[in-house]
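Every chain is numbered from 1, with letters handed out A, B, ... down the list of sequences.
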Amino acid sequence: MKKFVLGLLVIFLAPFSSFASDMFEYDVECGGAISKEGYYMVKVWVYSANKKVTPDELKKAAVHGALFRGVSASGECRSFKPLAGSAIAESQHKDFFNSFFGADKQYLSYVTLASTPYEYIKVSKKYKVGTIAIISKDALRKDLEKAGVIRGLSTGF
Amino acid sequence: MKKLFLSALLVFVSVLCFSQAKKPEIMVMPSDVWCNEKGYMITSDNQGVKEQVPDYKKAVKTDKELTNVISKLGALMADRGFPLKDLSATISGIEQREAEERLVMSKSGSTIAESLLDKIRRVAKADIILSVDWTVNQLGPKKSITYNLQALDAYTNKQIAAVQGTGSPSMTAETVLLLEEAIVANMDEFASRLQVYFDDLFTNGREVSVRIRVFDNGSGIDLESEFDGSELSEIIDDWMYENTVEHRYSKLDGTENYIDFSQVRIPLYRENGRAMDTEYFVRSLSKYLRQAPYNLQSKVLTRGLGEAVLIIGEK
């Protein structure tokens, strides 16, 4: 009976799980200054019940953060505005982002993880797993402009 | 059938082309403060008054840092779809036209004062001027750059976007590298502020100033002259109301001899889809006044891009 109820629950929730907005819990913050043109360095933290977080999850969180959250200025970092404008853009361009963060994993083209060991911080009953991610922000911006998700500076001219 | 299809396609493409807005032209110039600090100033005779003005020609020909800054900004702006106008080429163009410029005056001998900056703006027809300056801060062995970039609307001289800041100090990096870093680090912020200005342009039109004057030629015509029961100043006011975007303009001051309009929002395009400028806008008013029952001759003079003077009474 228990299995049957769980099965029903899975069937009920399945359609919603495909939305890009159903991101796991994460934080992005300044990852330090980077001199490489067109790139931005963030520190990405993904919350997990155990310490098991995959590189793809960290990359997905880093790109998602760059698109919809941005990073505040701190220390040697300049502020970084969300590339897609705000979280509203995610629902406005639901089809694009479902595909972007979906099975094709298009986001992987715009991020690399630093080869440093992951950091682990225990927060209440969960773990924060963090690392440095380098976002190819110019390439991401240009592709979003091409896809019509954001307006380019020359749009309309 | 094939011909019909091709014709339809041609019409569609033409309509598409004409509906495309004219892309604003952008030019980078060193700020007056920077020119002064670096000693790139020259004494100019402005109608008998000696004044110190920036020597842009010397600056672009001799300052390597400036050349690098212009190139870097040019590359980044081109990457965003805005190739820049070249200041050096513009100055050369002005020199060639200098002799011709001196002859621009009305038949009555009226002239309009125009500074070198106004000339550069008019010849380059840049809609936006990126005014840049920087200071190298030296603290012991460490060097840092304080960088300031302003976008000025060439029509109104108003600041439309700006970024400034001091980069991280470095013991080893050369000034040119620190400058490049400062430019790159500030570009996203700058572009997003510029975007806000472009959005406003599309919605509310371009802001310019229009001045109306009357030639004192003994014809008896002034702005209080009446046509069909309305004074000429009212007729001009009505025309401005009808021809500005969302009827936006502000009448600063006026007497029987002059009217000054500011914050005049002119459309970006003419009815045929071609780009509108201040001169064309005021020329349309001139044409309107030439018609019956007014039958008034007038002369249009421009100053820079954002100001035009209509002198009523003669050509």
Side-chain angles (χ1 to χ4, degrees), chain A residues 28-42 62-63 65-89 92 110-111 133-157, chain B residues 17 19-26 72-73 75-84 127-128 130 144 147 151 160-161 163-170 172-174 177-203 268-269 275:
Chain A
V28 279
E29 58 190 50
C30 162
I34 187 167
S35 57
K36 205 174 173 190
E37 200 176 319
Y39 292 84
Y40 199 85
M41 198 150 71
V42 294
V63 175
L67 284 171
F68 306 112
R69 291 191 188 178
V71 177
S72 323
S74 67
E76 55 188 356
C77 286
R78 305 185 71 85
S79 65
F80 173 64
K81 284 186 180 170
L83 276 172
S86 69
I88 301 166
Q92 280 173 338
Y110 306 98
V111 60
I134 297 159
I135 314 272
S136 175
K137 66 175 173 69
D138 280 7
L140 185 53
R141 174 179 54 78
K142 279 180 195 167
D143 288 347
L144 290 180
E145 282 175 12
K146 269 186 211 159
V149 175
I150 58 171
R151 290 188 63 196
L153 200 57
S154 59
T155 307
F157 291 111
Chain B
C17 289
S19 61
Q20 196 80 7
K22 177 187 166 271
K23 193 182 277 188
E25 301 269 13
I26 300 178
K72 190 71 203 172
L73 279 169
L76 290 175
M77 289 304 291
D79 188 47
R80 290 172 187 265
F82 283 91
L84 299 181
D127 304 272
I128 295 166
L130 301 188
S144 67
Y147 167 79
I160 51 176
V163 283
Q164 60 283 309
T166 302
S168 310
S170 167
T172 50
E174 288 174 29
L177 272 178
L178 291 174
L179 261 172
E180 261 196 46
E181 269 178 32
I183 295 167
V184 170
N186 285 288
M187 190 41 83
D188 285 344
E189 184 65 31
F190 185 73
S192 72
R193 289 180 188 178
L194 212 50
Q195 182 78 63
V196 174
Y197 167 75
F198 288 154
D199 291 344
D200 179 65
L201 263 190
F202 281 120
T203 316
L268 286 182
Y269 323 104

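Heavy atoms of B:M187 lying under 4.5 Å from chain A are absent altogether. Looking at A:R151, the atoms closer than 4.5 Å to chain B (heavy atoms on both sides) sit in the backbone and in the side chain alike.
Considering all non-hydrogen atoms of both residues, A:E37 and B:K72 come closest at OE1-NZ, 2.7 Å. When all heavy atoms of B:Q195 and A:G152 are compared, the closest pair comes out as OE1-O, 3.2 Å. The shortest heavy-atom contact between A:K137 and B:D188 is NZ-OD2, 2.8 Å.
Heavy-atom pairs under 4.5 Å with chain A were tallied for B:N186, B:L76, B:L177, B:D199; the largest tally goes to B:N186.
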